Protein chains: 2
Amino acid sequence: MRKRTAVTLHKSADLLLEKVEKIGIMIEQAGQAPVPGRIVAYLMLSEPPYRDFYEIQAFLKASKSSISTALNQLMQVGVVNYITFSGNRRRYFQINTQGLTKVIKERYRKGQLINNMIMETLQHRKNSEFQRFNRELKEVIDFSTYIHKGMDKLIADWEKLHPLS
Amino acid sequence: MRKRTAVTLHKSADLLLEKVEKIGIMIEQAGQAPVPGRIVAYLMLSEPPYRDFYEIQAFLKASKSSISTALNQLMQVGVVNYITFSGNRRRYFQINTQGLTKVIKERYRKGQLINNMIMETLQHRKNSEFQRFNRELKEVIDFSTYIHKGMDKLIADWEKLHPLS
DNA sequence: TTTTTAGTTCTGCAAAAAAAGAACCATTTT
DNA sequence: AAAATGGTTCTTTTTTTGCAGAACTAAAAA
């Protein structure tokens with residue numbers, strides 16, 4: 001009986017760790033370093049969805065400095081938050097879903113940068129002999145501009161419908 | 001007279017180099033290493049818009065190995081291409097605008113990955129005590145799904161209007 | 001057949017990024 | 001007032017990435 005419980009607990013903690021790794025890698029691929037990625041993954045999956053500094057550190061087996069730096073960075077970006085409970089000095093970190101939504105929006109908006117870049121090149125090439133290439137570049141810009149404008153509208157429409165997010 | 005021409009030439013090559021650096025940095029920020037970024041920038045700005053291996057190397061003052069590796073990588077990704085001229089053994093590298101458009105599309109589509117990730121976490125949390133957090137995650141997914149679907153439609157509509165790009 | 005050309009591939013090094021360690025500091029608790 | 005807590009900050013170590021150098025290769029030219 002005791003053994004079985006222990007095994008079960010072990011198995012589920014292990015499973016959680018595996019999931020944290022997996023989701024963590026996805027977050028890495030979105031441009032975060034491993035430790036911040038794992039922190040976000042852990043906070044997303046954890047029950048309860050808030051954890052204090054030492055719980056996070058113990059779960060991820062990372063150093064205090066890494067955890068501290070990562071948490072502060074994530075709070076800076078806006079995807080992590082904390083809550084407190086009175087009579088308790090620790091801060092409980094959690095995912096800030098509003099911040100997450102904002103980050104997703106920003107990511108989409110970044111497409112505009114490529115657009116600007118190609119426009120600059122086309123400006124530079126305006127007297128080029130190679131108008132065929134210029135026309136092709138123009139097409140890329142047209143597509144990219146179309147997408148970008150469409151997306152801004154999508155976001156604006158959403159915001160109209162969902163005022164506070 | 002000779003001096004002035006030399007100065008003029010020098011100045012314009014210099015200006016080009018400056019622009020290549022600037023555009024190159026923009027491309028770096030989209031996730032490329034410096035040398036590949038500069039190659040793309042150079043091919044975008046260059047007149048003619050195609051250059052052989054040694055021209056690229058000379059312009060960027062990088063090693064053959066860096067240029068070779070970077071060009072192959074860029075061809076792999078699809079943003080660079082080459083053409084040949086008969087009676088000439090060299091390959092002339094150029095921007096593949098179709099490939100570039102495709103890469104831009106793919107980038108936008110990658111938003112879906114975040115979406116999938118959050119869906120997985122929500123699946124994991126389905127029996128959670130903390131339904132408030134689950135609802136918040138659901139909202140993030142709803143937004144992200146909305147954007148993603150909207151974008152797929154934008155792309156599909158564009159493709160209907162522009163069959164071959 | 002030898003040499004040249006147009007790259008490629010492998011090894012190593014330097015710079016940058018990520019993480020760890022440890023000293024430190026402000027509150028809080030004892 | 002002393003010790004403990006909950007971190008932070010600075011320095012060092014480790015890992016990863018990007019690039020260069022040089023030896024190499026397949027095809028073409030001489």
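It should be emphasised that the depicted structure is a prediction, and the values quoted were computed from it without experimental measurement. The sequence lines fix the lettering, A, B, ..., with proteins before strands; numbering per chain opens at 1.
The residue B:D52 sits apart from the nucleic acid: no heavy atom pair falls under 4.0 Å.
Taking atom CD of A:Q73 as the reference point, atom C1' of C:dA19 lies 13 Å away to the nearest angstrom. Between B:Y92 atom OH and C:dA6 atom P there is a gap of 8 Å when expressed in whole angstrom units. In this structure, the CD1 atom of B:I56 is 9 Å from the P atom of C:dG7, given to the nearest Å. Rounded to a whole Å, the CG atom of A:L74 is 12 Å from the P atom of C:dA18. Between the CG atom of A:L71 and the P atom of D:dG6 there is a distance of 15 Å, rounded to whole Å. For the pair B:Q76 CD and C:dT8 C1', the computed distance is 15 Å after rounding to whole Å. One can place CD of A:Q57 at 13 Å from C1' of D:dT8, the figure rounded to the nearest angstrom. In this structure, A:F53 places its CZ atom 6 Å from C1' of D:dG7, rounding to the nearest Å.
B:H162 contributes a side-chain N or O that, together with a main-chain N or O of B:W158, makes up a donor-acceptor pair within less than 3.5 Å. Between the side chain of A:T145 and the backbone N or O of A:I141, at least one donor-acceptor pair lies under 3.5 Å. With A:S68 contributing its side chain and A:S65 its backbone, the two residues share no donor-acceptor pair below 3.5 Å.
For the pair B:T84 and B:R90, the tightest heavy-atom approach, listed with the atom from each and the gap, is CG2-O, 4.0 Å.
Salt bridge annotation for B:K22-B:E18: absent, with no cationic side-chain nitrogen under 4.0 angstrom from a carboxylate oxygen.
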What one-letter contact string describes nucleotides 20-30 of chain D from 5' to 3', where B marks a base within less than 4.0 Å of any protein heavy atom, S marks contact via sugar-phosphate atoms alone, and - marks no contact? BBB---BBS--

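Listed by chain and residue number, nothing satisfies the ring pair (Phe, Tyr, Trp, His ring centres under 6.0 Å) test with A:F133 (two or more places apart in sequence, or in another chain).
Set against D:dG18, C:dT9, C:dA18, the side chain of A:P34 has C:dA18 as its closest nucleotide. Minimum atom distance to the side chain of B:P36 is reached by D:dC19, of the listed C:dT8, D:dC19, C:dA18. The listed nucleotides are C:dA6, D:dG6, D:dC19; the one nearest the side chain of B:A33 is D:dC19.
Between A:S68 and the phosphate of D:dG7, there is no side-chain N or O to OP1/OP2 separation shorter than 4.0 Å. Taking side-chain N and O atoms only, B:R91 has a distance below 4.0 Å to OP1 or OP2 of C:dT8.
The only option from B:F85, B:Y42, B:F93 that meets the ring pair (Phe, Tyr, Trp, His ring centres under 6.0 Å) definition with B:Y50 turns out to be B:F85.
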